[in-house]
Amino acid sequence: MEQRDQNRRMAQLLFPHITKTPEDYEAIYPERDLPEGAMVTRIAPSPTGFMHFGNLYGALIDERLAHQSGGVFYLRIENTDSKREVEGAVEVILTSLNAFGLKFDEGATEGEDRGTYGPYRQRDRAELYQTIAKSLVERGMAYPCFCTEEDLQVLHDKQEASGANFGYYGEWAVHANITCEEAEALIAEGKPYVVRFRSPGKDGNRIKYKDLAKGEIEMPENCNDIVLLKSDGIPTYHFAHVVDDHFMRTTHVVRGEEWLSTFPYHLQMFDAIGWKKPAYVHTAHMLKQDGSSKRKLSKRKDPEARLTYYLQEGYPAECVIEYLMTVLNSNFEEWRRKNPDADLNEFRFKAEKMGVAGAVFDIDKLNDISKTVISKMSGEQVYDATAVWAKEYNPEFYALLTRDPAYSKAILSIGRGGKKPRKDFTVWSDVPDYMAFFFEETFQTAYPWPENMSKNDILRVLNEYPSIYDEADDQQTWFNKVKDLTAAMGYAVDMKAYKADPTAFPGSVADISAVLRVAITGRTASPDTYAVMNILGKETVLDRLSKAAAAL
RNA sequence: GGCCCGUUGGUCAAGUGGUUAAGACACGGCCCUUUCACGGCUGUAACAGGAGUUCGACUCUCCUACGGGUCACCA
């Protein structure tokens with residue numbers, strides 16, 4: 001009786017301005033009316049101005065889980081740490097999610113929040129957290145702690161010296177039994193305080209939980225009286241997580257495995273308060289091969305940790321998503337082989353199928369996927385996507401590319417559309433170099449001539465070809481003419497015969513073709529020469545042939 | 001240091017007590033080919049180590065090693 005009264009007075013002392021009750025909030029944020037099995041997930045980044053590859057990784061899991069179950073995927077801004085918040089960071093988050101095609105149903109936006117479970121920025125929810133904290137104080141489950149940073153450091157040192165576990169618990173919890181009078185006096189002195197949770201945990205107890213990704217995990221029960229509200233009245237991550245995911249009616253919490261060690265806090269709070277726990281998916285980290293060892297992808301050391309890296313390089317967003325999916329669900333690749341053209345969202349993602357170990361980020365694999373995805377696009381699509389990329393990241397090239405759209409589209413259509421399309425580029429930033437010789441401004445004249453040919457023979461090709469060149473020729477006629485010239489020069493027309501006895505000829509039709517290619521494109525690797533010549537046009541072709549001859 | 005998670009080829013990985021231990025990427029070879037690509041075929045290559053349980057262990061248990069995470073009024 002006496003104690004209950006004390007608790008009520010303490011709650012009033014700490015939260016005189018709070019008039020709502022938890023029940024009020026239960027009414028404001030009712031259970032969601034969703035079909036059976038629908039999942040409610042969220043992406044909850046901190047507005048640090050930096051989107052990590054891991055953010056996308058988690059967001060994709062959230063998004064798939066929610067949307068393939070007919071549920072809700074929302075965005076919550078975790079800005080409880082004012083020191084880390086960066087101006088414009090929310091915009092970075094929104095832009096990134098948008099760039100990778102992850103659409104959330106409710107949450108923070110640049111203007112008004114969308115959805116009825118908001119506000120979706122934690123700092124705007126202070127009253128809610130304080131209301132719950134107040135009710136916990138009333139129930140004797142939380143109390144104010146006036147320890148300063150120095151006090152806690154001393155505590156830590158003592159524990160270290162005596163070999164005790166670190167933390168604020170049991171006999172070390174000096175304010176656990178503070179009275180109303182004592183608290184009132186300290187507050188009157190202007191002493192700052194935090195509100196701590198009174199952990200019901202018992203030393204030696206073990207708890208078990210089945211994580212959707214990790215499976216059964218067992219760990220010691222939490223005994224720490226962790227901080228619920230910081231001295232500025234804003235919650236710690238732990239408290240905000242429990243309160244928000246309860247009232248936002250989250251069913252599945254997806255987060256990195258760095259949260260595993262504080263997982264017992266969360267489970268304990270849900271149980272102690274009497275709320276239903278969400279399901280958890282703790283994901284392994286993306287690793288980076290660093291010499292002979294592996295480490296977490298680092299935002300400082302690894303450019304590929306940064307989401308903007310992929311945009312700058314010009315990876316089509318869906319390729320990054322596709323790559324992520326192969327890492328997340330190993331049966332995805334098998335599905336993809338069976339359904340090469342299906343929409344990625346038709347694949348049924350399963351949290352249980354996720355690997356438990358961290359995967360090394362495999363850029364080769366991403367590149368391969370990207371090449372394949374791009375190879376399936378039409379010239380028109382490639383043009384459009386490249387233009388979008390170039391406008392932002394390579395304005396100089398953008399000007400060239402868009403100077404004559406029909407011309408550029410024709411170039412980008414070479415070798416596309418068939419059953420075995422070319423795979424010339426991995427990222428949009430490969431396109432400028434690929435197209436360079438189609439523009440006089442960027443045409444390079446290094447001329448890597450076939451090494452086995454004499455200067456005279458090269459000149460002969462260059463000088464004689466114009467007389468047999470006819471723009472109207474179809475590909476077969478065009479090539480027959482190349483063969484005729486080859487034969488006239490005593491070179492091998494039949495590649496089999498040439499390969500059987502290379503010494504019998506000065507060279508082969510491959511060399512003659514190479515001369516044409518090098519003269520016209522300035523390089524040894526290019527798309528089909530016939531197609532290139534058609535696009536360049538007779539005037540340019542003849543001009544380049546004579547230029548090449550002059551340069552010899 | 002305490003606690004937790006993890007460890008199958010160079011990389012991603014299938015595998016849940018009995019398999020010739022899949023497949024993909026990368027790498028090599030061959031074929032196709034006027035070049036560059038594409039494509040097809042093919043090759044090298046793995047269960048971290050040690051005990052145990054079992055007729056039998058990549059699969060179960062324990063120990064060791066190594067890697068990662070975490071021990072804040074940061075998330």
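Here the structure is a predicted model, which means the values were calculated and not measured.
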Pairs under 3.5 angstrom, nitrogen or oxygen only, protein versus nucleotides 20-27 of chain B, please.
| from | atom 1 | to | atom 2 | distance (Å) |
| --- | --- | --- | --- | --- |
| B/rG23 | O2' | A/Arg337 | NH1 | 3.2 |
| B/rG23 | O2' | A/Arg337 | NH2 | 2.9 |
| B/rA24 | O2' | A/Glu333 | OE1 | 2.9 |
| B/rA24 | O2' | A/Lys365 | NZ | 3.1 |
| B/rA24 | N3 | A/Lys365 | NZ | 3.0 |

Salt bridge (Lys or Arg N to Asp or Glu O under 4.0 Å) pairs, two or more places apart, involving residues 325-337 of chain A:
A/Glu322-A/Arg336, A/Glu333-A/Lys365, A/Glu334-A/Lys338
Residues at least two apart in sequence or cross-chain that pass salt bridge (Lys or Arg N to Asp or Glu O under 4.0 Å) with A/Asp494, listed by chain then number, are none
Once Watson-Crick and G-U wobble pairs under 3.5 Å are found, how is RNA chain B written in dot-bracket notation, 5' to 3', with | for any base paired to another strand?
((((((((.[[[..)..(....]]].(((((.......)))))....[[[[[..)....]]]]])))))))....
Tell me which residues in residues 473-488 of chain A put a heavy atom below 4.0 Å from RNA chain B, sorted by number, or none.
A/Gln475, A/Phe479
Interatomic distance at C1', B/rG52 relative to B/rA13, whole Å:
29 Å
Within the supplied structure, the quantity of interest is the number of heavy atoms (other residues, nucleotides, ligands) at a distance under 6.0 Å from A/Asp470 CG; does it exceed 12?
yes
For A/Phe50, does the six-membered ring have the charged nitrogen or CZ of A/Arg306 within the cation-pi criterion, i.e. under 6.0 angstrom from the centroid and within 45° of the normal?
no
Quick one: sort the A/Tyr434 and A/Phe425 rings into parallel, tilted or perpendicular, breaks at 30° and 60°.
perpendicular
Any base atoms under 4.0 Å from A/Asn331, or only sugar-phosphate, or nothing? Heavy atoms, all strands.
nothing
Should the pair A/Phe166 and A/His156 be assigned to parallel (<30°), tilted (30 to 60°) or perpendicular (>60°) ring geometry?
parallel
Taking the ring centre of each residue, are A/Tyr491 and A/Phe505 less than 6.0 Å apart?
no
Which whole number of Å gives the distance between the C1' atom of B/rG18 and that of B/rG29?
36 Å
Hey, can you tell me if A/Tyr237 and A/His241 have their rings parallel, tilted or perpendicular (30° and 60° cut-offs)?
parallel
Polar atom pairs between nucleotides 57-64 of chain B and protein, under 3.5 Å, N or O only, would you list them?
none

Give me the distance, rounded to whole Å, that separates B/rA46 from B/rC5 when you measure between the C1' atoms they each carry.
23 Å
Parallel, tilted or perpendicular: rings of A/Tyr447 and A/Trp449 (30°, 60°):
parallel
Any chance NZ of A/Lys376 has more than 12 other-residue heavy atoms, nucleotides or ligands included, within less than 6.0 Å?
yes
Under-4.0 Å salt bridge between A/Arg523 and A/Asp433:
yes
Pick from A/Tyr465, A/Tyr469, A/Tyr530: which one makes a ring-ring contact (aromatic ring centres under 6.0 Å, His included) with A/Trp478?
A/Tyr530
Could you work out, with salt bridge (Lys or Arg N to Asp or Glu O under 4.0 Å) as the rule, every residue matching A/Lys301, not counting sequence neighbours?
none
In terms of the nearest nucleotide of RNA chain B, which residue is placed more toward the 5' end: A/Val509 or A/Arg295?
A/Val509
When the C1' atoms of B/rA45 and B/rU64 are considered, how many whole Å apart are they?
27 Å
So for atom CD, which belongs to A/Glu149, do other residues, nucleotides or ligands contribute more than 12 heavy atoms lying within a distance under 6.0 Å?
no
Would you state whether a donor and an acceptor, one from the side chain of A/Arg422 and one from the base of B/rC36, lie under 3.5 Å apart?
yes
Tell me if the CD atom of A/Gln444 is crowded by more than 12 foreign heavy atoms within 6.0 Å.
no
Rounded to whole Å, how long is the line connecting atom CG of A/Leu297 with atom P of B/rG68?
14 Å
Looking only at the aromatic ring of each residue, does the gap between the centers of A/Phe239 and A/Phe197 stay below 6.0 angstrom?
no
Can you give me the N/O atom pairs linking the protein to nucleotides 70-75 of chain B at distances under 3.5 Å, or say none if there are none?
| from | atom 1 | to | atom 2 | distance (Å) |
| --- | --- | --- | --- | --- |
| B/rU70 | O4' | A/Ser261 | OG | 3.3 |
| B/rU70 | O2' | A/Ser261 | OG | 2.9 |
| B/rC73 | O2 | A/Ser231 | N | 2.9 |
| B/rC73 | O2 | A/Ser231 | OG | 2.9 |
| B/rC73 | N3 | A/Ser231 | OG | 3.3 |
| B/rC73 | N4 | A/Cys147 | O | 3.2 |
| B/rC74 | OP2 | A/Lys230 | NZ | 3.0 |
| B/rC74 | O2' | A/Asp81 | OD2 | 2.9 |
| B/rA75 | OP1 | A/Thr80 | OG1 | 2.7 |
| B/rA75 | OP1 | A/Lys230 | NZ | 2.6 |
| B/rA75 | OP2 | A/Tyr237 | N | 3.2 |
| B/rA75 | O5' | A/Thr80 | OG1 | 3.4 |
| B/rA75 | O3' | A/Ser46 | OG | 3.4 |
| B/rA75 | O3' | A/Glu78 | OE1 | 3.0 |
| B/rA75 | O2' | A/Ser46 | OG | 2.7 |

Regarding B/rC60, purine or pyrimidine glycosidic angle vs 90° from 0 gives anti
Starting the side chain at C-beta, find the nucleotide from B/rG6, B/rC36, B/rA13 nearest to A/Val327.
B/rA13
In whole angstroms, how far is the C1' atom of B/rC3 from the CG atom of A/Asn224?
12 Å
Listed nucleotide nearest any side-chain atom of A/Ala510, set B/rG2, B/rC5, B/rU34:
B/rU34
The criterion is ring-ring contact (aromatic ring centres under 6.0 Å, His included); which residues satisfy it with A/Phe347, sequence neighbours excluded?
A/Phe332, A/Trp335
So, does A/Arg206 get its side chain near the phosphate of B/rC4, meaning an N or O under 4.0 Å from OP1 or OP2?
yes
Quick one: sort the A/Tyr280 and A/His282 rings into parallel, tilted or perpendicular, breaks at 30° and 60°.
parallel
For B/rG69 versus B/rC30, give the span between their P atoms, rounded off to a whole number of Å.
45 Å
Taking only the C1' atom of each, what is the distance from B/rC58 to B/rC47 in whole angstrom?
5 Å
For a quick check of understanding: with a heavy-atom distance under 4.0 Å over all strands, which category does A/Ala514 fall into, base, sugar-phosphate or nothing?
nothing
Separation of the P atoms in B/rA24 and B/rG39, to the nearest angstrom:
13 Å
Considering residues at least two apart in sequence or located in another chain, which fulfil the salt bridge (Lys or Arg N to Asp or Glu O under 4.0 Å) criterion with A/Arg42?
A/Asp245
Show the distances under 3.5 angstrom between N or O atoms of the protein and N or O atoms of nucleotides 28-31 of chain B.
none

If we take the C1' atom in both B/rU8 and B/rA48, what is their distance in whole Å?
10 Å
How would you list all residue pairs meeting salt bridge (Lys or Arg N to Asp or Glu O under 4.0 Å) that involve residues 216-240 of chain A, not counting sequence neighbours?
A/Arg206-A/Glu218
